[in-house]
Amino acid sequence: MSRKAVRSRGVAVLGSTGSIGTTALRVIARQPGRFHVAALTAFANASLLASQECATKPSFVGLVSPNGVVAPANWRLGVSSLVEAATRDDVDIVLNAVVGAAGLDATLAALEAGKRVALANKETLVVAGELAAAACARGGGEIVPVDSEHSAILQCLGRRDRTDVRRLIITASGGPFRTWSAEAIGAATLADALRHPTWSMGRKITIDSATLANKALEVIEAHFLFGLPYESIEIVVHPQSVVHSMVEFVDGSVLAQMGAPSMELPVLYALTHPERVADDGVPPFDPVAHSPLTFERVRLADFPALRLGLEAARAGGAAPAVFNAANEQSVALFLEGRMSFADIAAGIDAALARLGAMSGKDKDSLLAADAAARAFVAARAEHC
Ligand code: NAD
Ligand code: MG
């Protein structure tokens, strides 16, 4: 019997020079004939982008911030290159690995254009989950998560009806401060916060994993991806990062998805869902090597950024966008050494108190709330 011919699908990798972007290029390189790189974009790392262009021969390359670099004549420059890459005819799948709300327009445009969005850029759904759903409905696009927890949930759900689900249980590594006292966490340095125990990731999400703000972003992401109310989404700490998340069904049975902590697996699955393709990028799973697997309650009182994110989620409107923007701005200041670790949550708290009730009725209101929160946190840091 002859094998069915498979058309190679064009992938636009947005944020190709980052942690997820480079992981995606490795995964795609192992699947020639099934996927090819159709477009690449990066923020400012022109030399890595140029070497990626040589290796993958895309038809489109975009550099958001040329910053004085003399870019090749065929490159598109500026922020509009993200939407251009995401909506091209030769692009079937947009792998959005941009960090932060900067990825929003490209996600929405790709969904309007009927593309699959393999979404690492969780901030898109936090800022504008309802707009993304509306863009899917209008344009026929779909979101398939790259985030390991959401990929796990999608794989556990399979084709089952959502009414079969009682609860989503999202696992959290607990980050570098899982066992630290509240006082020690308050005095944590940048080096401490960048030392993640199980995952190697970009700097922003590494700090989000230390404050646990990342889990709040992921709860909101899960709410919009799977359509479950916040009361049905829980977090459990699992330090080994082997169980990527669990789904409890109405009869009490629980399915979990497991694997070594490598983003190559969820990246590949986001490209192939609902199919699976043979791939040998990750060594065979050895349960004994990963044992024991342990689970703990999350220490909500000692990780205020997580608590604030969960409160913002429930408040709705522009509150999640304010939470996200205040967090992005605070983390940027912390990474520059201009804010303490404890101030990240304090800045988010103050921003939500001042701006959390802003309107979130449309994209302009959400962008206004985002901009106000960034300005608020920056001004507050100046005066501290
Ligand atoms: P990273 O910092 O390593 O890479 C970010 C990429 O986005 C880079 O290519 C950079 O050039 C580009 N970029 C940065 N700012 C930009 C802007 N303003 N406009 C356009 N492009 C911009 O980040 P990462 O760790 O790869 O994370 C990317 C996204 O994936 C984040 O939303 C993160 O939360 C999510 N994510 C990451 C991991 C991981 O393991 N790294 C896991 C799950 C989810
Ligand atoms: Mg995750």
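Residue indices begin at 1 and follow the sequence shown. In each ligand, atom 1 is the first atom listed, and ligand 1 is the first ligand listed.
Taking the Mg ion (ligand 2) as reference, the nearest N/O/S atom within E149 carries the name OE1. Taking the N/O/S atoms of E218 in turn, the shortest distance to the Mg ion (ligand 2) belongs to OE2. As for D147, its N/O/S atom nearest the Mg ion (ligand 2) is the one called OD1.
Ring-centre distance between F177 and F341: below the 6.0 Å cut-off.
Using modelled atom types, one finds no donor on one side chain facing an acceptor on the other under 3.5 Å when comparing Q329 with R380. N327 and S330 share no side-chain donor-acceptor pair at under 3.5 Å.
With sequence neighbours excluded, no residue forms a salt bridge (Lys or Arg N to Asp or Glu O under 4.0 Å) with E183. Evaluation of the side-chain contact (heavy atoms from CB on, under 4.5 Å) rule for E248 yields R166, R167, V254 as partners, not counting sequence neighbours. Residues satisfying the salt bridge (Lys or Arg N to Asp or Glu O under 4.0 Å) criterion with K361, sequence neighbours excluded, are absent altogether.
Other residues, nucleotides and ligands contribute more than 12 heavy atoms inside 6.0 Å of the CD atom of E296.
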Please tabulate, one line per pair, the protein N or O atoms found under 3.5 Å from any N or O atom of ligand 1, giving the distance to one decimal.
| from | atom 1 | to | atom 2 | distance (Å) |
| --- | --- | --- | --- | --- |
| ligand 1 | 3 (O) | S19 | N | 2.8 |
| ligand 1 | 9 (O) | G15 | O | 3.1 |
| ligand 1 | 9 (O) | T17 | N | 3.3 |
| ligand 1 | 9 (O) | T17 | OG1 | 2.8 |
| ligand 1 | 9 (O) | G18 | N | 3.1 |
| ligand 1 | 11 (O) | T17 | OG1 | 3.2 |
| ligand 1 | 11 (O) | F43 | N | 2.8 |
| ligand 1 | 25 (O) | G202 | N | 2.8 |
| ligand 1 | 26 (O) | S19 | N | 3.2 |
| ligand 1 | 26 (O) | I20 | N | 2.9 |
| ligand 1 | 30 (O) | A120 | O | 3.4 |
| ligand 1 | 32 (O) | E123 | OE1 | 2.7 |
| ligand 1 | 41 (N) | S19 | OG | 3.3 |

